[in-house]
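Heads up, the thing below is written out as structure tokens.
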Amino acid sequence: MSSVTLKGIFKRYAGGVTAVSDFNLDIADKEFIILVGPSGCGKSTTLRMIAGLEEISEGELYIDNKLVNDIAPKDRDIAMVFQNYALYPHMTVFNNMAFGLKLRKLPKPEIKKRVEEAAKILDITHLLDRKPAALSGGQRQRVALGRAIVRDPKVFLLDEPLSNLDAKLRAQMRTELTKLHQRLATTFIYVTHDQIEAMTMGTRIVVMRDGFIQQVAAPQDLYEHPVNLFVATFIGSPQMNTINGTVIDENGHTGVQFGDEKVFLDDARGRKPEVLAYVGKEVIMGIRPECMFDDDASLAKYSSSVIDVHVDLVEMMGSETYLYLLCQGKNFTARVSARSTARTGDDLKIALEPDRIHLFDASTERTIIS
């Protein structure tokens with residue numbers, strides 16, 4: 001078992017700065033938990049408190065139901081992988097991976113066995129005699145992972161380990177880390193500011209902002225049912241389109257009016273009491289780029305939620321096309337079919353998928369309906 005529990009965790013620094021506030025989370029054995037959020041939100045600080053590298057100001061931290069607040073980092077049975085790899089430049093790959101085991105005075109045959117097994121898992125057996133300067137970024141990252149694996153820890157802590165890699169290698173390493181987690185069958189706690197990493201790797205995602213947890217959920221739940229506007233716009237690329245409007249009720253149908261445009265929700269959601277309570281009130285409407293269409297079939301199907309737009313820019317991505325639009329003075333992004341005939345400078349109609357429209361309270365930014 002390698003569960004981790006954080007109860008009411010705070011981190012306060014001298015001068016009254018609070019980096020993490022009332023952090024509560026139960027991480028199950030073998031979970032791949034992602035802490036995600038913008039820079040300065042407290043995610044790395046939280047990870048460092050779990051590692052014991054930062055002192056906990058208030059609250060309790062348990063690993064395998066054992067209180068570890070006052071236990072030294074080396075005795076917590078965790079392994080941490082850093083953003084900058086933190087390899088010893090004068091040591092070979094083998095010695096870098098073996099260093100922690102030598103400090104623990106394990107027998108040489110056992111050290112050799114563990115290092116070779118980890119090297120095989122990571123496909124770096126041919127690099128064991130090299131020094132870090134002779135390795136690429138991806139190879140160095142594998143060595144840093146190998147150094148963690150040989151310790152056979154209860155919990156892996158990874159602090160933005162892919163941020164120094166190029167885009168192609170980052171995508172490859174995402175896949176390899178997911179496979180590694182499945183192979184090792186242990187608990188991973190992973191920090192990133194990259195929401196694509198979060199969505200593709202995590203069993204659950206913890207979205208943080210200004211030291212507070214905003215939402216904890218599985219990736220798809222987070223994407224489809226954000227609890228507030230921050231989560232809705234932070235998760236997803238391109239991000240969700242938003243515009244302020246007023247909830248209207250016309251002929252038994254609920255919609256949102258912004259400027260001269262009106263879009264109507266599907267009745268199953270639009271007639272819910274929590275939505276009807278906002279009739280005549282200002283809300284923030286959200287729609288994801290992939291829920292906007294310019295093809296004739298969608299325009300006919302979603303005729304009650306069609307808006308007039310001006311095309312500012314077209315980006316052809318190969319498998320799809322991004323349309324950068326202007327509507328009622330507000331910018332929108334639509335992700336449409338690669339077969340779209342829209343071109344820069346066009347004026348056209350765009351259909352919004354009625355059952356994918358999100359509404360948020362204009363003052364609290366909490367979700368009304370998603």
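What you see is a predicted model, and the numbers here were worked out from it, not measured in a lab.
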**Prompt:** Taking it one step at a time, do R48 and M80 satisfy side-chain contact (heavy atoms from CB on, under 4.5 Å)?
**Reply:** CA-CA 9 Å; R48 290 174 65 83; M80 192 158 179; 4.2 Å; yes

**Prompt:** Do other residues, nucleotides or ligands put more than 12 heavy atoms under 6.0 Å from the CG atom of D347?
**Reply:** yes

**Message:** Looking at K7 and E60, is there a salt bridge between them, counting it only when a charged N and a carboxylate O are closer than 4.0 Å?
**Reply:** no

**Item:** Side chain to side chain, F32 and M201, heavy atoms closer than 4.5 Å
**Value:** yes

**Asked** Once the angle between the rings of H358 and F360 is folded into 0 to 90°, is it parallel (under 30°), tilted (30 to 60°) or perpendicular (over 60°)?
**Response** parallel

**Message:** If I compare all heavy atoms of P153 with all of A79, which pair ends up nearest, and what's the gap?
**Reply:** CG-CB, 3.6 Å

**Asked** Can you check whether F82's main-chain N or O pairs, donor with acceptor, with D159's side chain at less than 3.5 Å?
**Response** no

**Request:** Look at the side chain of D29 and the backbone N and O of S2, then say whether any donor-acceptor pair between them is shorter than 3.5 Å.
**Result:** yes

**Message:** If you count every heavy atom of other residues, nucleotides or ligands that lies below 6.0 Å from R104 atom CZ, does the total exceed 12?
**Reply:** yes

**Asked** Quick check: does any side chain N or O of T92 sit under 3.5 Å from a backbone N or O of D129, one acting as donor and the other as acceptor?
**Response** no

**Asked** Between I243 and V256, is a side-chain contact (heavy atoms from CB on, under 4.5 Å) present by the stated rule, with each step listed?
**Response** CA-CA 10 Å; I243 191 167; V256 178; over 6 Å; no

**Message:** Please report the interatomic distance CZ(R204) to CD1(I27), rounded to the nearest 0.5 Å.
**Reply:** 7.5 Å

**Asked** Is the NZ or CZ atom of R356 both under 6.0 Å from the centre of the six-membered ring of Y302 and within 45° of that ring's axis?
**Response** no

**Beyond-backbone contact of R170 with I196, side-chain heavy atoms, under 4.5 angstrom** = no

**Prompt:** Do R271 and D249 sit within salt-bridge range, that is, some charged N less than 4.0 Å from a carboxylate O?
**Reply:** yes

**Request:** Could you tell me which non-hydrogen atom of T187 sits nearest to which non-hydrogen atom of A28, and how far apart they are?
**Result:** OG1-O, 3.7 Å

**Prompt:** Which atoms form the tightest heavy-atom contact between D267 and G252, and what is the distance?
**Reply:** OD1-O, 4.3 Å

**Fill in**
To the nearest 0.5 Å, atom CD of Q215 lies from atom CD1 of I235 at 9.0 Å

**Fill in**
Only one of K108, K112, R114, K113 passes side-chain hydrogen bond (donor to acceptor under 3.5 Å, both in side chains) with E110, and that residue is R114

**Message:** Testing V314, T341, D294 one by one against T321 for a side chain to side chain contact (heavy atoms under 4.5 Å, CB included), which residue passes?
**Reply:** V314

**Message:** Using 30° and 60° as the class boundaries, would you call the ring planes of F230 and F234 parallel, tilted or perpendicular?
**Reply:** parallel

**Message:** Once rounded to the nearest 0.5 Å, what's the spacing between atom CG of L184 and atom CD1 of I121?
**Reply:** 5.5 Å

**Item:** Minimum-distance pair of heavy atoms, taken over all atoms of E261 and D308
**Value:** OE2-N, 3.2 Å

**Item:** Side chain D75, main chain A72, donor-acceptor under 3.5 Å
**Value:** no

**Item:** Working for side-chain contact (heavy atoms from CB on, under 4.5 Å), residues I287 and V263
**Value:** CA-CA 11 Å; I287 186 78; V263 296; over 6 Å; no

**Prompt:** Would you say the side chain of F264 lies within less than 4.5 Å of the side chain of I248, judging by non-hydrogen atoms?
**Reply:** yes

**Asked** Which atom names give the shortest non-hydrogen contact between G236 and Q195, and what distance separates them?
**Response** N-OE1, 3.0 Å

**Prompt:** Got F332 and L323 here, is their nearest side-chain heavy-atom distance under 4.5 Å?
**Reply:** no

**Message:** Between D266 and R269, does any side-chain N to carboxylate O distance fall below 4.0 Å?
**Reply:** yes

**Message:** Count I, L, V, M, F, W, Y as connected when their side-chain heavy atoms are under 4.5 Å apart, and connections chain through other members. Are M199 and V191 then in the same cluster?
**Reply:** no

**Prompt:** Would V336 end up clustered with F293 when hydrophobic side chains under 4.5 Å apart are linked, directly or stepwise?
**Reply:** no

**Item:** V150 reachable from L106 in the ILVMFWY side-chain graph, under 4.5 Å edges
**Value:** yes

**Asked** Which of these passes side chain to side chain contact (heavy atoms under 4.5 Å, CB included) with R76: L157, V68, V155?
**Response** V68

**Prompt:** Counting N and O atoms only, with roles assigned by atom type, does the side chain of K281 sit under 3.5 Å from a partner on the main chain of T246, one being a donor and the other an acceptor?
**Reply:** no

**Request:** Starting from the C-alpha separation in whole Å, work towards a yes-or-no answer on side-chain contact (heavy atoms from CB on, under 4.5 Å) for S3 and I63.
**Result:** CA-CA 6 Å; S3 63; I63 297 177; over 6 Å; no

**Request:** Nearest 0.5 Å please: distance from the NE2 atom of H90 over to the NZ atom of K131.
**Result:** 8.0 Å

**Asked** CG/L359 to CZ/R366 distance, rounded to the nearest 0.5 angstrom?
**Response** 15.0 Å

**Complete:** Only one of M240, E365, Q214, H225 passes side chain to side chain contact (heavy atoms under 4.5 Å, CB included) with V231, and that residue is Q214

**Asked** Is the shortest distance from a Lys or Arg side-chain nitrogen in K120 or E116 to a carboxylate oxygen in the other one below 4.0 Å?
**Response** no

**Item:** Linked, directly or transitively: I357 and V306 (ILVMFWY side chains, under 4.5 Å)
**Value:** no

**Message:** I'd like to check N244 versus K330 (side-chain heavy atoms, cut-off strictly below 4.5 Å). Are they in contact?
**Reply:** no

**Complete:** side-chain hydrogen bond (donor to acceptor under 3.5 Å, both in side chains) with Y190: of E197, E160, K43, H181, only one passes, and it is E197

**Item:** Min side-chain heavy-atom separation E55-K11 under 4.5 Å
**Value:** yes

**Prompt:** So, for P132 and N96, which heavy atoms are closest and what is the spacing to 0.1 Å?
**Reply:** CG-ND2, 3.9 Å

**Asked** Any donor and acceptor pair, going by atom type alone, linking the side chain of R147 with main-chain N or O of V81 inside 3.5 Å?
**Response** no

**Request:** Please confirm whether the backbone N or O of L326 pairs with a side-chain atom of N331, one donor and one acceptor, at under 3.5 Å?
**Result:** no

**Message:** Hydrophobic clustering (ILVMFWY, side-chain heavy atoms < 4.5 Å, transitive) - are I350 and M316 grouped together?
**Reply:** yes

**Request:** Report the distance from atom NE2 of H193 to atom CE of M208, rounding to the nearest 0.5 Å.
**Result:** 15.5 Å

**Request:** For the residue pair K102 and N95, confirm or rule out a side-chain donor-acceptor distance under 3.5 Å.
**Result:** yes

**Asked** Taking side chain as C-beta onward, heavy atoms only, is I213 less than 4.5 Å from N24?
**Response** no

**Request:** Check whether any side-chain heavy atom of L325 sits under 4.5 Å from a side-chain heavy atom of D312, and report yes or no.
**Result:** no

